[in-house]
Amino acid sequence: MHVLILGGTTEARRLAELLAAEPLPCLRVTNSLAGRVAAPRTPPGEVRVGGFGGADGLAAWLRGHEVDLLIDATHPFAGTISFNAARAAAATRVPLLALRRPGWLPVEGDVWHETGSLTEAAGLLSALGRRVFLTTGRMGLAAFAPLDDLWFLVRSVDAPEAPHPPCMEVLLDRGPFTLDGERELLRRHRIDVVVTKDSGGAATAPKLTAAREAGVPVVVVRRPPAPGGVSVVAEPRQAVQRVREAYARCAHPDAG
Ligand code: NAP
């Protein structure tokens, strides 16, 4: 049985680790990365890097490599690949499972401003403060480039490229982040406002707690739409269970 995991997330890597920790005989796992990060943390198992060439390319890859189960474990903001996965799965009749962490929900004490896009988020900032902690990643910085009267602390895995805001300090780092670390960061840089995507998950959530404690408002960019009609699990362990169920069906196709 061959499982293709579309990855690039903590959860995708965790899933690959769990599958590698208790290997099933004849279970082949391929992890697919887009190739955006210069030095990615590679998961165990086979790894392929780079786009497939749209939904048709992905469908051809599924057929050519005899994939039995496709798992879309990409980031909730990676909308294109998720729709391509749904189209390719439908075209090839390969079962598709989405591993998608739930979005964050505000709790008492949070001051959140929800927006539909990075551009909308940029439009809110001048009214909220002068020192901005921008955690939306290096892609999409162009939306903030016109804001020349604000100072930005930009945290990203790789160095951002232009266009970007003229007044910015770059912090090269990747999650998981600790609450103590996030508290210290907001304090040291005298942050007035945090900008985040609604990525969900635990690895990057401490910034929300730190902001709540400090009374710092957070601009939260809502998720783009995800394809409907796809079976979704929230946790890597649930995805492992689904792989095992599919494996059992592969091994004993006539049973139940
Ligand atoms: P996207 O807009 O949905 O995808 C753009 C194109 O990149 C896709 O059409 C596909 O190219 C290729 N691609 C994306 N994910 C791929 C994968 N896992 N394996 C092979 N090709 C992939 O995606 P994105 O927002 O640029 O994100 C790229 C990757 O970074 C994703 O794997 C995602 O999990 C990870 N990531 C994204 C974010 C974010 O905020 N967007 C944050 C953290 C991690 P083809 O059409 O040629 O197949």
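Whatever order the structure lists ligands and atoms in, that order sets their numbers, starting from 1. In this text the structure is predicted, and so the values were computed from the model without any measurement.
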Any idea which protein heavy atom is nearest [atom], and the distance to it?
| atom | answer |
| --- | --- |
| atom 31 (C) of ligand 1 | Gly7 O, 3.9 Å |
| atom 27 (O) of ligand 1 | Ala78 CB, 3.8 Å |
| atom 40 (O) of ligand 1 | Lys197 NZ, 2.7 Å |
| atom 4 (O) of ligand 1 | Thr80 CB, 3.8 Å |
| atom 16 (C) of ligand 1 | Ala34 CB, 3.5 Å |
| atom 46 (O) of ligand 1 | Gly54 N, 3.0 Å |
| atom 19 (N) of ligand 1 | Ser32 OG, 2.7 Å |
| atom 48 (O) of ligand 1 | Phe52 N, 2.6 Å |

Which atoms of ligand 1 have any heavy atom of [X] under 4.0 Å away?
| X | answer |
| --- | --- |
| Arg48 | 20 (C) |
| Gly51 | 11 (O), 21 (N), 45 (P), 47 (O), 48 (O) |
| Gly79 | 3 (O) |
| Gly50 | 20 (C), 21 (N) |
| Asn84 | 9 (O), 46 (O) |

Is any side-chain heavy atom of [Y] closer than 4.5 Å to one of [X]?
| X | Y | answer |
| --- | --- | --- |
| His2 | Leu27 | no |
| Val194 | Val219 | no |
| Leu185 | His189 | yes |
| Val243 | Ile71 | yes |
| Ser199 | Trp104 | yes |

Taking the basic N atoms (NZ, or NE/NH1/NH2) and the acidic carboxylate oxygens, is any pair closer than 4.0 Å for [X] and [Y]?
| X | Y | result |
| --- | --- | --- |
| Arg130 | Asp149 | yes |
| Arg212 | Asp110 | yes |
| Arg14 | Glu11 | no |

As a check for students: among Glu11, Arg36, Arg138, His75, identify the option with a heavy atom nearest to atom 7 (O) of ligand 1.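 When every heavy atom of Glu11, Arg36, Arg138, His75 is considered, Arg36 comes closest to atom 7 (O) of ligand 1.
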
Only heavy atoms count here, so choose which of Gly53, Ala12, Gly35, Gly8 is nearest to atom 47 (O) of ligand 1.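 It is Gly53 that holds the nearest heavy atom.
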
Is there a chain of hydrophobic side chains (I, L, V, M, F, W, Y, each step under 4.5 Å between heavy atoms) that links Val29 to Met1?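 Looking at the clustering, Met1 is in the same group as Val29.
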
Joint cluster assignment, Val132 & Val221, ILVMFWY side-chain distance < 4.5 Å: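 Shared cluster, yes.
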
Without hydrogens or angle criteria, can the side chains of Arg48 and Ser32 be said to hold a donor-acceptor pair below 3.5 Å?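 Looking only at side-chain atoms, Ser32 and Arg48 do form a donor-acceptor pair, the distance falling under 3.5 Å.
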
Pairs of nitrogen or oxygen atoms closer than 3.5 Å, one from Ala73 and one from ligand 1: do any exist?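 For ligand 1, there is no N or O atom that lies under 3.5 Å from one belonging to Ala73.
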
Distance-only N or O hit between ligand 1 and Thr74, under 3.5 Å: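 No: no nitrogen or oxygen of Thr74 is under 3.5 Å from one in ligand 1.
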
